[in-house]
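Structure, as structure tokens:
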Amino acid sequence: MNKVCSPYFDPDFDTLLERIYGPPCRVTIDNESMEGCTVVKVDSINKQGLLMEVVQVLTDMNLQICKSYISSDVGSWFMDVFHVRDEHGNKLTDQKVINYIEQAIGKSKGSSSSSNNNNTSTMSKSSYSNNNMVIPYVEQHTAIEMIGADRPGLFSEISAALVDLHCNIVEAHAWSHNARLACVAYISDQSTLSPIDDPCRLASIEDHLTTVLRATKNPNEGGGTNHPDVKTSEFLGGEGTMTTVERRLHQLMLSVRDFEDPSMEMGRKRMVTIDICEEKGYSIVGIECKDRPRLMFDTVCTLTDMQYVVFHASISSHAGYAFQEYFIRHIDGYALDTAGEKERVIKCLEAAIERRVCEGVRLELCADNRVGLLSDITRVLRENGLAVVRADVETHGQKSVNAFYVRDISGNDVDIEYFSKSMKREMGSIVTLHVKNESTTSSNQTSHLSFGRKLRSGIERLSHGFMP
């Protein structure tokens with residue numbers, strides 16, 4: 001019998017690339033180095049949109065990013081450090097949460113599963129996420145998005161229209177900024193509570209809602225920037241990943257050009273500046289504004305969706321103010337080279353910062369869930385002269401949890417006592433009504449030497465040796 005010889009394969013060959021370049025993604029979570037926060041370090045092969053994916057994972061977990069240092073300019077390698085706290089301002093101590101962050105960030109990089117994942121908690125993302133995540137709802141309900149010009153009572157009219165169309169609103173999120181509205185809602189059939197997939201019925205819903213939105217259209221406005229649009233959507237992001245509701249709302253507001261505000265006062269202090277790092281061909285975007293949760297998500301999301309790549313960045317906060325510095329180029333490799341492009345980036349970033357800032361009254365209402373509940377609540381708001389600036393509506397089992405940012409249509413202070421009595425009289429099923437006044441007072445902005453300025457000088461010193 002002839003002896004058959006098989007070719008020899010070195011068993012170390014499979015790990016050769018990893019030994020040369022390192023693992024595709026390495027996530028380290030350190031609770032020892034810093035006293036007041038947890039340090040999350042990410043080392044990974046770089047790709048377009050990677051920073052957005054990492055920031056989105058941390059934001060979806062309701063983590064506060066108090067500092068961050070980013071570099072992705074050497075050898076196509078992404079190196080990032082985040083100083084984070086939980087929503088209560090504490091370190092991350094739950095091992096399941098830590099395991100999930102490691103798994104989620106590793107998965108977002110497209111890294112292959114390893115034996116380490118066997119010891120990682122397999123809890124679903126919705127176990128830790130709040131209303132940002134669309135994944136649990138896409139298959140169970142029909143997603144519909146709306147954009148157009150805003151007016152007092154519009155969100156209430158949208159809610160009432162969906163009830164008239166025999167739709168049950170499972171979840172809804174709406175932002176209003178610079179007289180524009182963007183809304184994402186998850187709906188089901190009122191009688192069967194199943195997704196609505198009949199094309200004719202979906203077309204009817206879209207037409208009806210478009211009519212509601214079109215009533216705001218001012219025929220004297222030029223350019224059609226406030227042209228209403230309603231469509232069902234799966235919110236698919238790049239490479240088949242799901243886009244969160246908040247990112248989709250940013251995209252919708254950008255598409256409706258909410259960064260254009262003719263009434264903006266001249267001479268106001270800008271929150272965003274743009275400089276040039278000539279040695280390396282970067283545009284340097286500097287942001288100084290009041291600090292708040294999700295600020296980094298909002299700015300990184302906007303830069304990413306505007307097709308800019310972040311090569312270096314530093315983020316920090318001091319005395320209630322945030323300081324962010326991004327070294328960017330357009331996806332085509334060029335820095336911002338025209339005054340018009342710079343002005344557009346500045347306006348879009350400032351709009352992204354302002355969209356989530358709602359100075360006024362936050363109303364939190366919890367009630368037994370039922371069809372038409374949102375329509376009834378928003379009707380009471382409208383009848384009391386309150387306009388909804390932002391809304392987050394969720395369903396948790398048999399309860400409906402609603403959060404509204406409202407302002408008085410006439411510009412007066414909201415009469416909380418009168419409104420509370422009116423709401424409880426009209427809505428007997430309301431379990432809790434919590435009111436929080438989130439009006440902010442102005443404060444002097446403090447000077448701050450950011451780490452990014454040191455980073456800039458370091459890049460300029462090294463540029464002669466590492467010029468691409």
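- In this structure, E260 does not pair ionically with K347, as no charged nitrogen and carboxylate oxygen lie closer than 4.0 Å.
- Y69 and H83 have perpendicular rings, their planes meeting at more than 60° on a 0 to 90° scale where under 30° would count as parallel.
- Applying the ring pair (Phe, Tyr, Trp, His ring centres under 6.0 Å) criterion to H177, with sequence neighbours excluded, gives no partner residue.
- Under the salt bridge (Lys or Arg N to Asp or Glu O under 4.0 Å) criterion, D408 pairs with no residue at all, not counting sequence neighbours.
- H166 is linked by a ring pair (Phe, Tyr, Trp, His ring centres under 6.0 Å) to nothing, counting only residues two or more places apart in sequence or in another chain.
- The side-chain heavy atoms of V393 and I377, taken from C-beta on, include no pair separated by under 4.5 Å.
- In this structure, E341 has no salt bridge (Lys or Arg N to Asp or Glu O under 4.0 Å) partners at least two apart in sequence or on a different chain.
- Take E87 and apply the salt bridge (Lys or Arg N to Asp or Glu O under 4.0 Å) test, not counting sequence neighbours, and it matches no residue.
- For the 3.5 Å distance criterion, the side chains of T59 and R294 fail to qualify, holding no donor opposite an acceptor.
- Listed by chain and number, the residues in a ring pair (Phe, Tyr, Trp, His ring centres under 6.0 Å) with F419 amount to none (sequence neighbours excluded).
- Side-chain contact check for E288 versus M271: every heavy-atom pair is 4.5 Å or farther apart.
- Comment: E350 engages R270 in a salt bridge, judged by a side-chain N to carboxylate O separation of less than 4.0 angstrom.
- For V285 against I274, the heavy-atom pair with the smallest separation is CG2-CG1, 4.2 Å.
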